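First up is the structure itself, then whatever we jot down about it.
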Amino acid sequence: MISEAVVQSLKKFVPEENICLQEPMAGHTTFRIGGPADCFVQIENKEQLIRVQKYLMQVELPFFVLGNGSNLLVSDKGYRGIVLQIGPGMNGIEVDGDVITAQAGALMSQVARAALEHGLTGLEFASGIPGTIGGGVVMNAGAYDGDMSGVVTQVNVVNSAGECMELENDTMEFGYRTSTIKNNPFTVTEVILKLEKGDREQIRAKMEDLAVRRREKQPLEYPSAGSTFKRPKGCFAGKLIMEAGLRGFRVGGAEVSQKHCGFVVNTGNATAQDVRNVISEVQERVKERFNVDLEPEILFLGF
């Protein structure tokens with residue numbers, strides 16, 4: 001539990017209405033699953049983030065930085081710590097020529113839309129990714145042969161000491177669904193992307209084509225965290241899962257999608273433990289059948 005002294009200290013940094021105790025995390029993840037966080041704080045700007053993060057590090061309280069919750073499974077028991085949500089106050093997007101500067105809380109779809117409106121190409125792949133640009137950089141999010149590493153020039157972060165840092169692309173250590181930020185106590189505040197001038201109608205057509213492909217192939221009708229597993233070298237997780245006979249495999253309300261076996265979905269009443277049990281069974285069966293270790297792409301909080 002979070003003490004009253006800590007709550008009073010947090011009120012010095014953010015408005016009181018931005019602080020919630022025992023906040024159900026099911027309302028803050030695309031899985032629509034998760035028990036209560038001891039304390040949930042909505043961050044409106046970089047100054048608040050710096051002060052709150054520095055304070056929490058000083059008093060050695062555990063905290064987790066949340067974007068749109070699109071790649072996250074929170075325990076049914078919740079999270080014994082403080083969740084810092086990069087809120088709507090940090091979703092600004094500025095376009096200058098072929099350069100876009102987006103605050104960490106801007107949705108990737110919003111940034112892709114801004115690129116379209118200014119006739120900039122290179123970010124079409126992001127138009128259907130439900131996460132924030134900050135989270136997208138951390139995970140090097142990508143789809144349809146594009147990812148963040150190909151368009152990001154600079155990422156501005158706050159480190160564990162509350163200091164601002166500028167990370168250039170070549171220092172980001174981008175890899176498949178990873179970056180230096182994922183492996184260090186950095187919090188993204190801004191992302192700078194360099195795109196190319198393009199034909200607005202061609203950009204729009206590509207985005208619409210990708211949207212159609214997503215609707216046809218992905219189970220968008222159910223809550224999920226997107227692709228559940230990272231792509232194994234030389235093959236696709238969904239194909240291995242299907243060939244292991246796990247299409248539609250279900251525990252409680254969690255199910256391997258009938259539409260795309262690479263997704264574990266919440267059919268309506270899944271618990272976090274249901275999802276974990278499905279993931280474990282999939283990993284075990286794929287390992288037995290193909291000797292391939294499937295690594296989850298989603299993050300686990302509170303387990």
Side-chain angles (χ1 to χ4, degrees), residues 1-91 103-105 131-139 155-165 167 178-190 225 271-273 276 296 298-303:
M1 300 295 290
I2 301 300
S3 71
E4 181 61 25
V6 169
V7 173
Q8 292 303 318
S9 293
L10 291 172
K11 289 178 182 178
K12 298 176 184 178
F13 310 133
V14 300
E16 182 175 355
E17 59 268 24
N18 287 21
I19 303 172
C20 298
L21 300 179
Q22 295 301 303
E23 176 71 7
M25 290 301 294
H28 300 285
T29 71
T30 57
F31 247 136
R32 299 292 176 253
I33 294 172
D38 283 348
C39 184
F40 186 92
V41 181
Q42 189 175 77
I43 302 295
E44 297 177 333
N45 54 58
K46 181 168 67 174
E47 290 69 30
Q48 289 181 4
L49 176 66
I50 291 170
R51 296 178 71 191
V52 170
Q53 187 164 309
K54 191 171 184 178
Y55 165 73
L56 294 178
M57 293 296 295
Q58 288 173 343
V59 297
E60 298 183 339
L61 279 174
F63 66 92
F64 178 83
V65 180
L66 177 74
N68 198 42
S70 61
N71 203 41
L72 182 68
L73 180 67
V74 181
S75 166
D76 299 312
K77 297 178 182 179
Y79 176 60
R80 304 286 72 81
I82 298 176
V83 173
L84 306 180
Q85 184 186 42
I86 305 300
M90 291 184 66
N91 66 354
Q103 291 181 311
T132 60
I133 196 79
V137 166
V138 174
M139 298 296 294
V155 182
N156 297 335
V157 302
V158 174
N159 66 18
S160 59
E163 301 166 334
C164 295
M165 299 173 57
L167 304 177
T178 191
S179 71
T180 189
I181 300 173
K182 185 179 178 183
N183 302 312
N184 285 284
F186 300 150
T187 302
V188 179
T189 58
E190 283 184 330
T271 65
Q273 193 58 52
R276 284 296 297 266
I298 60 177
L299 303 176
F300 300 95
L301 182 66
F303 289 90

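As the structure is a prediction and not an experimental result, all values here were calculated from the model.
- No side-chain heavy atom of Val157 sits less than 4.5 Å from a side-chain heavy atom of Thr187.
- Partners of Arg276 under the side chain to side chain contact (heavy atoms under 4.5 Å, CB included) rule, at least two apart in sequence or in another chain, are Leu73, Gln273, Phe300, Phe303.
- In this view, Pro62 and Tyr79 satisfy the side chain to side chain contact (heavy atoms under 4.5 Å, CB included) rule, not counting sequence neighbours.
- Atom CG of Leu61 sits about 6.0 Å away from atom CG of Leu56, to the nearest 0.5 Å.
- In terms of heavy atoms, Gln85 sits closest to Gly67 at NE2-O, 3.7 Å.
- Shown here for Gly302 and Ser75, the closest heavy-atom pair between the two residues is O-CB, 3.4 Å.
- Judged as a ring pair (Phe, Tyr, Trp, His ring centres under 6.0 Å), and not counting sequence neighbours, Phe63 has no contacts.
- The side-chain hydrogen bond (donor to acceptor under 3.5 Å, both in side chains) check on Thr30 picks up nothing, with sequence neighbours excluded.
- For the side-chain hydrogen bond (donor to acceptor under 3.5 Å, both in side chains) test, no residue two or more places apart in sequence or in another chain qualifies with Ser160.
- Taking the side chain as every heavy atom from C-beta outward, Ile82 and Val6 approach each other to under 4.5 Å.
- For Gly131 against Asn68, the heavy-atom pair with the smallest separation is CA-CB, 4.2 Å.
- Every residue two or more places apart in sequence or in another chain was checked for a side-chain hydrogen bond (donor to acceptor under 3.5 Å, both in side chains) with Asn45, and none qualifies.
- Here the closest non-hydrogen pair linking Asn91 and Gln103 is N-OE1, 3.3 Å.
- Side-chain contact between Leu167 and Ile181: present, with at least one pair of heavy atoms (C-beta onward) separated by less than 4.5 Å.
- In this structure, the separation between CG on Leu72 and CD1 on Ile33 is 10.5 Å, given to the nearest 0.5 Å.
- What you find for Ala104 and Thr132 is that their closest heavy atoms are O-CB, 3.3 Å.
- In this structure, the side chain to side chain contact (heavy atoms under 4.5 Å, CB included) partners of Gln58, at least two apart in sequence or on a different chain, are Lys54.
- Separation of atoms CD (Glu190) and NZ (Lys46) is listed at 5.5 Å; rounding is to 0.5 Å.
- Within the 3.5 Å criterion, the main-chain N or O of Thr189 finds no donor-acceptor partner in the side chain of Asn156.
- Rounded to the nearest 0.5 Å, atoms CD (Gln53) and CD1 (Ile43) are 9.0 Å apart.
- Taking CD1 from Ile133 and CE from Met90, the interatomic distance works out to 13.0 Å, rounded to the nearest 0.5 Å.
- Among all heavy-atom pairs drawn from Val83 and Ala37, the shortest one is CG2-CB, 3.8 Å.
- For Asp38, the salt bridge (Lys or Arg N to Asp or Glu O under 4.0 Å) partners at least two apart in sequence or on another chain are Arg80.
- Listed by chain and residue number, Phe13 satisfy the ring pair (Phe, Tyr, Trp, His ring centres under 6.0 Å) test with Tyr55 (two or more places apart in sequence, or in another chain).
- Scanning for side chain to side chain contact (heavy atoms under 4.5 Å, CB included) contacts around Lys11 gives Val7, Gln8, Glu16, Ile19, with sequence neighbours left out.
- Take Thr29 and apply the side-chain hydrogen bond (donor to acceptor under 3.5 Å, both in side chains) test, not counting sequence neighbours, and it matches no residue.
- Listed by chain and number, the residues in a ring pair (Phe, Tyr, Trp, His ring centres under 6.0 Å) with Phe64 amount to none (sequence neighbours excluded).
- To the nearest 0.5 Å, the span separating CG on Leu84 from CG on Leu10 amounts to 8.5 Å.
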